Amino acid sequence: MSEISKNILKTIDEKHIKPIPKWQFILLHVGLFVMFGFTILFGSMATGIALLHLATTDWEIVPRLGGGMHSFIYVLPYMWILVLGLMIFLATLVYKHTNQGYKIKPSLVVAISIIASLIIGSVLFATNSAEGIEMTLREKVRPYAEYQEMRNKVWQAPDQGILPGTIVDIQGDSLMLLDDFSEKRWTINIENVLLPPLAPKPQIGDQVMVIGEKTGKDTFTAEGIRPAPHMLKKFQPGQKKMK
Amino acid sequence: MTPSDEQLVQESLKDKNKFALLVERYEQRLLRYIKRLIGNQSDLSEDILQEVFIKIYRNLNDFDTNLKFSSWAYRITHNESINHAKRTKDTIPIETDGEETANLINILESDTNIPEEASKKELAEKVHKAIENLPKKYRDVIILYYLEDKDYQEIGDILKKPTSTIGTLLSRAKAKFKQLYS
C-alpha cells in the first residue's frame, strides 16, 4: 500500500469519516427536480394570468387613455411577465444543478421552460383556471389586490371618456347610477347607448366600463357600455368567482 | 480478474480497505493533474490529493454510474484544485515535464500549423508561455485533451459542460494559442 493510501485510510479512521448515506443524495436530486417542476408550474400560472389580462384588455379604448404608446405599455401585465422571466431564470439555475444538468445548454433549458410555460399557461387560460387563480390571489394576498387596484386606476379616466364601475341603479332607459373605483357616484345618461342585438342588458350589480363623455362634476353621457375586463372586476366579499 | 472502478466503488462502501485500491489506481494520475493545475508544489499537491480522496470517499454514494469513475474523480480533483487556487489567489503555472512538453509541442504544431523556425528549446519556452497566458477556460481543455488524453465526452463530464461546447472551446483554445504563440 502506498504512503498516500495509508495516510488517507488513517485520516478516514481518525476522523471517523463515513460515506454520506445514499438517501441524502436521493433527497437532494429529487428536491432539485421538484423545484424545477415548481418553477415551470409557477411560470405557467404567470403565463396563464398574463394571457387572461391580455385577452380581456379592451385594446380599442386604450388610445383614449391619452398616453400614446405609454398607455399600451402601462396596461401590459408586466408583473406577470416579470414573474415568468424570474421563473425561467430559476428553472435554468435549478436544472443546471441536477445530475445531468450540465449536458444541456442553458439556452435550450430556457427555450424548453418558455415552451412548457406557454403550453401549460394556455391550458390554464383556456380552462378558466387562470381566472380562478388570479381571483384567489386577489382574495388571499392583500398586497396583490392593492397592487391591482392601483393599476386599475389608470382606467378610471372620465375626462378621457372612460368610466368603469358598478351599476347601483337603473332608472328606465334613460338614467343609470354607477359607483366608480373611488366609490364616487355618477349619474349617467344612457339614452343614446346602442347595445349589440344579442348583448345582455346591463343589470344592477354588474361591473361595467362606460364609454362616453363627461358632462359635469358627476354626470356622464354614455355612448357604449361594455362588461368590465377581468382585471377591472372588483372582488366583493362572499363572492367566490366573478363572471 | 482485476475489479472495475465501479465494482471497487461498491466494495469500498462495504469495506473501506478496498478504497485503498481505488486510491492506488488513481493517485499518480490525479497528483499529476493537480500539479498541472496548481503548479509543482509537492506538499500542497499531496494535501489537495488527500482532500480529493476524502471527498471522493464521503461522496461514494453519489457516484453516478452513467459516468466513468475517472471522469468523476477528475471532476472532484479539478474543483478542489481550482477552489484552492481561488482561495490563495495564486497564478496558476502550467506544469509539464520535458517529454510532455515535447509531445505537446508536436501535437499543437500539427494541430495549429506553428511555423518551425525556432529550436525545440525556444519552442518549448514559447509554448509554455503561450499556454500559461491562455484564459483558464481554454487552458483547462488544452490540459485535459492534450496532456490527460481525455475525449470530448470525458472533458464535458469533468468540466460539467455540454460536449458540443468542449469542441468549440478546444477549437477556440487552439486559435488563441496560435495567436499568443505568434
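Worth knowing before you read on, the calculation uses all heavy atoms, side chains too, and leaves out hydrogens, waters and symmetry mates. Every chain is numbered from 1, with letters handed out A, B, ... down the list of sequences. Keep in mind it's a predicted model, so treat the numbers as computed, not measured.
- For the atom pair B:K160 NZ and A:Q100 CD, the distance stands at 10.0 Å (nearest 0.5 Å).
- Atom CD1 of A:I8 and atom CD of B:Q50 lie 5.5 Å apart (nearest 0.5 Å).
- For A:N99, the part sitting under 4.5 Å from any heavy atom of chain B is the side chain, from C-beta outward, and nothing else.
- For a residue to count as touching a neighbouring chain, one of its non-hydrogen atoms must lie under 4.5 Å from one of that chain's; by this rule A:Q24 does not touch chain B.
- Contact of B:E24 with chain A is made through backbone and side chain together, with heavy-atom distances under 4.5 Å.
- Rounding to the nearest 0.5 angstrom, the gap separating the NZ atom in A:K22 from the CG atom in B:L13 is 8.0 Å.
- Residues A:K105 and B:S164 form a side-chain contact, since some pair of their non-hydrogen atoms from C-beta on lies under 4.5 Å apart.
- Taking chain A as the reference chain and counting heavy-atom pairs below 4.5 Å, the highest number among B:N59, B:D157, B:T163, B:L67 is found for B:D157.
- The neighbour count for B:D149 CG, taken as heavy atoms of other residues, nucleotides or ligands under 6.0 Å away, does not exceed 12.
- Shown here is A:F38, whose CZ atom has no more than 12 heavy atoms of other residues, nucleotides or ligands within 6.0 Å.
- The local environment of CZ in A:F89 is sparse, with at most 12 non-hydrogen atoms from other residues, nucleotides or ligands closer than 6.0 Å.
- Listed here is the closest heavy atom pair of A:K103 and B:P162: O-CB, 3.7 Å.
- Between the CG atom in B:N17 and the CG atom in A:D13 there is a gap of 8.0 Å [rounded to 0.5 Å].
- For B:K150, the NZ atom is densely surrounded, since the number of other residues' heavy atoms within 6.0 Å is greater than 12.
- The most heavy-atom pairs under 4.5 Å with chain B, out of A:L9, A:I26, A:I17, come from A:I17.
- Residue contact with chain B, scored on non-hydrogen atoms closer than 4.5 Å, involves the backbone of A:K18 exclusively.
- Here the OG-CZ distance, from A:S5 to B:F19, works out to 9.0 Å after rounding to the nearest 0.5 Å.
- With a 4.5 angstrom heavy-atom cutoff, B:S12 does not touch chain A via any of its atoms.
- Heavy-atom neighbours of A:M35 CE from other residues, nucleotides or ligands within 6.0 Å: at or below the threshold of 12.
- Few gaps surround CZ on B:R29; more than 12 heavy atoms of other groups in view lie less than 6.0 Å from it.
- In this structure, the portions of B:D62 lying under 4.5 Å from any heavy atom of chain A include both its backbone and its side chain.
- The CD1 atom of B:I158 lies 9.5 Å from the OH atom of A:Y102; values are rounded to the nearest 0.5 Å.
- Contacts of A:I20 with chain B are made by both backbone and side-chain atoms, with heavy-atom separations under 4.5 Å.
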